[in-house]
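None of these values were measured; they are calculated from a predicted model. Naming convention: chains lettered A, B, ... in sequence-line order (proteins, then strands); numbering from 1 in each chain.
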Protein chains: 2
Amino acid sequence: MDTATCLCKSISPEEMEMITLHAPNEETSLHLAEFFKVFGDATRLRIIYFLSRHELCVADLSSLVQMQQSAVSHQLKLLRLHRLVKTRKEGKIVYYSLDDKHINSIFSIAVEHLGENE
Amino acid sequence: MDTATCLCKSISPEEMEMITLHAPNEETSLHLAEFFKVFGDATRLRIIYFLSRHELCVADLSSLVQMQQSAVSHQLKLLRLHRLVKTRKEGKIVYYSLDDKHINSIFSIAVEHLGENE
DNA sequence: TGGATATATGAACATGCATTCATATAAGGA
DNA sequence: TCCTTATATGAATGCATGTTCATATATCCA
């Protein structure tokens, strides 16, 4: 692991410098990675799908995704932490709904990508 | 874990049925999750960033992301598997470049999301 | 052919994380 | 107040995965 000089001589030192300078810093790439990680789980994706169709309580989500209430609660906590869902409490019942308008755009692009391969 | 009937009575059985019927099947959500998982790692994100700026050989990538050549190769293999990068061989040197036009759109949306929170 | 360089890859290891189980909290009803 | 129901949460567990080390393959050069 030496300094970032181009070994292949296919790219000028100036260009190399530019690329390095404008690279996202460690913090930024970590944040981005954390964000994408949230979508990297089938259960969470299904939860997000159901919430995109209708506001739902935990029990309903639990039966829709066919997972234990505890598992769903844990996942919802993570989604809340990343501000992808919001809650509304009514007595004992907590209603969850989506809290991010970007989600659908991100999904459609991902689906496009998958559609083009194979 | 019982069948998907609405427990909260906040949503009609017909609507519940519709939501369930149109839900992405297990295979689809798994594929989507796999796709997002690829972006859920800071090292891979940095590799993708550098490749978005310039075609690069493994050694250059290795010094740019400051990781061992082996680690970079492993990650590149994963990116290749998901058809996010493509390769071009010239003698001993293998040049990598991006092979997905959706990547930038996905990134800009993610950055938007992060920008809006805090 | 032998050596050097660029890249790929398998095994090992450590860490992260999704799920489960048990239990806590909170609210409503009897 | 006691019981039931809805949700949250901490600890434990098992599996996935990123990195490293050692080594294999492939290409170029002398």
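Using the six-membered ring where Trp is involved, A:Phe36 and B:Phe39 have ring planes that are tilted, between 30° and 60° apart.
Inter-residue side-chain proximity for A:Glu55 and A:Arg88 is flagged as met; some heavy-atom pair is nearer than 4.5 Å. Residues B:Leu78 and B:Gln75 are in side-chain contact: their nearest non-hydrogen atoms beyond the backbone lie under 4.5 Å apart. Side chains of B:Tyr49 and A:Leu32 form no contact here, defined as non-hydrogen atoms less than 4.5 Å apart. B:Leu51 places a side-chain heavy atom less than 4.5 Å from the side chain of B:Leu61. By the 4.5 Å heavy-atom criterion applied to side chains, A:Leu45 and B:Thr28 are not counted as neighbours.
With D:dT7, D:dG18, C:dT7 as the choices, the nucleotide that has an atom nearest any side-chain atom of A:Val58 turns out to be D:dT7.
Residue B:Gln75 places no side-chain N or O under 4.0 Å from the OP1 or OP2 atom of D:dT17. Listed pair A:Tyr96 / D:dA8 meets the phosphate criterion, a side-chain N or O lying under 4.0 Å from OP1 or OP2.
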Does the protein touch nucleotides 25-30 of chain D at the base, only the backbone, or not at all? Give it as B, S and - per nucleotide, heavy atoms under 4.0 Å. -SBS--

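No donor-acceptor pair under 3.5 Å is formed between the side chain of B:Lys86 and the backbone N or O of B:Tyr96. At distances below 3.5 Å, not a single donor-acceptor pair connects side-chain atoms of A:Arg83 with backbone N or O atoms of B:His113. Between the B:Arg44 side chain and the B:Lys37 main chain, a donor and an acceptor come within less than 3.5 Å of each other. For B:Ser62 (side chain) and B:Met67 (main-chain N/O), a donor-acceptor pair under 3.5 Å exists by modelled atom type.
The distance between atom CG of A:Asp60 and atom C1' of D:dT7, rounded to the nearest whole Å, is 13 Å. Between the C1' atom of C:dA8 and the CG atom of B:Leu61 lies a distance of 15 Å, rounded to the nearest Å. One interatomic measurement links the two molecules: CG of A:Leu81 to C1' of D:dA8, which rounds to 14 Å at whole-angstrom precision. If you measure from atom OH of B:Tyr95 to atom P of C:dT7, you get 8 Å, rounded to the nearest angstrom. Atom pair A:Gln66:CD and C:dT19:P shows a separation of 14 Å (rounding to whole Å applied). Rounded to whole angstrom, the span from the CG atom of B:Leu76 across to the C1' atom of C:dT7 amounts to 10 Å. In this structure, A:Gln68 places its CD atom 15 Å from P of D:dT7, rounding to the nearest Å. Rounded to a whole Å, the CG atom of A:Leu79 is 16 Å from the P atom of D:dT7.
Residues from residues 35-52 of chain A placing a heavy atom under 4.0 Å of any atom in DNA chain C, listed by number, are A:Lys37, A:Asp41, A:Thr43, A:Arg44.
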Taking N or O atoms only and anything under 3.5 Å, show me the protein contacts with nucleotides 9-12 of chain C, one pair per line.
unit_1, atom_1, unit_2, atom_2, d
C:dT9, O4, B:Ser70, OG, 2.6
C:dG10, O6, B:His74, NE2, 2.9

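Note that the CD1 atom of A:Ile93 and the SG atom of A:Cys57 stand 5.5 Å from one another [nearest 0.5 Å].
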